[in-house]
Q: 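Just dropping this structure here.
Below, chain A is the first sequence line, B the second, and so on; all start at residue 1. No hydrogens, no waters, no symmetry mates; every other heavy atom, side chains included, goes into these values.
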2 protein chains.
Amino acid sequence: MTTQRRLLLEVFQKAQGPIDAKELYRQASARDQSVSWATVYRSLNLFKQLGLIDERRLTKARCSYEIKQSMEHMHLVCQCCGKIIDFENYLVRKLVELVRHEHHFNVTKVDLYLEGYCAKCDGEKEVH
Amino acid sequence: MTTQRRLLLEVFQKAQGPIDAKELYRQASARDQSVSWATVYRSLNLFKQLGLIDERRLTKARCSYEIKQSMEHMHLVCQCCGKIIDFENYLVRKLVELVRHEHHFNVTKVDLYLEGYCAKCDGEKEVH
DNA sequence: TTAAGTGCAAAGGCTTTGCAGCATA
DNA sequence: TATGCTGCAAAGCCTTTGCACTTAA
């Protein structure tokens with residue numbers, strides 16, 4: 001456990017939700033200028049391998065990372081205001097069990113991403 | 001509508017499930033050597049904009065594309081051999097309805113991604 | 001004919017890696 | 001002290017873009 005890794009983990013713990021490598025680098029190097037891109041990416045791969053963080057493909061350009069969540073965890077992303085709502089439900093587990101049985105597919109990771117309009121933005125859309 | 005675009009759409013229609021740009025280029029240029037990477041990517045962006053195809057980041061390295069599917073569509077990605085299995089089930093619709101009601105979230109796009117071991121790779125894992 | 005599409009090559013982003021020096025245990 | 005980690009810089013991929021030429025309508 002090095003100072004760099006400790007620092008990066010702290011940034012993750014402070015973050016509310018997923019962040020990308022760029023943001024991780026930005027926040028970490030703001031607190032310790034010597035932190036390099038190489039260390040950021042090497043640590044991300046390490047944390048991922050250790051199961052400390054999840055890697056998601058939220059945008060085309062780059063991956064997002066966040067402290068590991070439960071399997072029943074979903075993200076609702078508002079395409080209007082960008083708000084991210086975290087959401088958990090037993091139906092996700094049912095879905096996983098279904099896949100396991102119908103396809104003999106041994107699920108290790110679930111990534112559910114729903115895009116649309118949140119209550120607020122959808123309401124405003126109706127008005128116009 | 002150019003010959004190149006027609007050819008690329010044909011490759012999509014023949015493909016069983018999502019393919020990435022590399023595979024699209026491979027198959028297209030096998031039938032018409034003059035097809036270039038620039039045209040492949042420019043066409044992908046056009047098709048996406050027209051709503052003909054969906055773009056998903058199924059693997060970390062690159063995006064996958066496929067003819068637009070229903071909302072109940074899911075992807076199972078084998079972390080061992082990389083195979084991508086398409087899968088549909090009514091539970092996805094139930095999930096969407098749940099989100100709609102419980103969070104007043106107006107869902108426009110669903111992206112469900114399950115990672116794990118396919119039947120074949122999981123079987124081989126057991127042996128060792 | 002002419003606006004739009006194409007190929008080529010170069011550039012742009014994100015991520016990985018070789019290597020020498022440094023720090024943790 | 002010895003293994004493992006780091007920073008730097010360069011390289012590796014995937015994707016986009018400028019430019020001159022070609023093609024579909």
Q: Taking only the side-chain heavy atoms of B/Cys63 (C-beta and beyond), determine which of C/dG7, C/dT16, D/dT15 contains the nearest atom.
A: D/dT15

Q: Which whole-number value in Å describes the distance from B/Leu24 CG to D/dT15 P?
A: 11 Å

Q: Nearest to the side chain of B/Met1, which nucleotide is it out of D/dA25, D/dG7, C/dG7?
A: D/dA25

Q: Quick one: A/Arg26 CZ to C/dC14 P, roughly how many Å, whole number?
A: 15 Å

Q: To the nearest Å, give me how far apart CG (B/Leu7) and C1' (C/dT6) are.
A: 14 Å

Q: Report the distance from atom CZ of B/Arg42 to atom C1' of D/dT16, rounded to the nearest whole Å.
A: 9 Å

Q: Out of C/dC8, C/dC14, C/dT6, which nucleotide sits closest to the side chain of B/Thr39?
A: C/dT6

Q: Spell out, yes or no, whether A/Tyr65 and A/Met74 are grouped together once hydrophobic residues are joined by side-chain heavy atoms under 4.5 Å, including indirect joins.
A: no

Q: Tell me the interatomic distance from A/Tyr25, atom OH, to C/dT15, atom P, rounded to whole angstroms.
A: 14 Å

Q: Please figure out whether B/Ala21 or B/Thr3 has its closest DNA chain D nucleotide nearer the 5' end.
A: B/Ala21

Q: Rounded to whole angstrom units, what separation is found between the CZ atom of B/Arg6 and the P atom of C/dT6?
A: 11 Å

Q: B/Trp37 CH2 to D/dC13 P: how many Å, rounded?
A: 13 Å

Q: Reading DNA chain C from 5' onward, which residue's closest nucleotide shows up sooner: A/Lys22 or A/Ala38?
A: A/Lys22

Q: Using the closest heavy atom to pick a nucleotide of DNA chain D for each, name whichever of B/Gln4 or A/Ser43 lands nearer the 5' end.
A: A/Ser43

Q: With a 4.0 Å limit, can you tell me whether B/Arg5 has a side-chain N or O closer than that to the phosphate oxygens OP1/OP2 of C/dG5?
A: yes

Q: Is the shortest side-chain N/O distance from B/Thr2 to OP1 or OP2 of C/dA4 below 4.0 Å?
A: no

Q: For the pair B/Phe12 and B/Phe47, evaluate side chain to side chain contact (heavy atoms under 4.5 Å, CB included) and give the outcome as yes or no after the intermediate values.
A: CA-CA 11 Å; B/Phe12 268 122; B/Phe47 297 162; 4.2 Å; yes

Q: Measure the acute angle between the ring planes of B/His73 and B/His75, then classify it against the limits of 30° and 60° as parallel, tilted or perpendicular.
A: perpendicular

Q: Rounded to whole angstroms, how far apart are CD on B/Glu23 and P on D/dT15?
A: 14 Å

Q: Would you say C/dT6 has OP1 or OP2 under 4.0 Å from some side-chain N or O of B/Ser36?
A: no

Q: What residue among A/Lys68, A/Lys48, A/Lys109 forms salt bridge (charged side-chain N to carboxylate O under 4.0 Å, His left out) with A/Glu55?
A: A/Lys48

Q: Salt bridge or not for A/Lys120 and A/Asp122, using N-O below 4.0 Å?
A: no

Q: Is the distance from OP1 or OP2 of D/dG7 to the nearest side-chain N or O of A/Gln33 less than 4.0 Å?
A: no

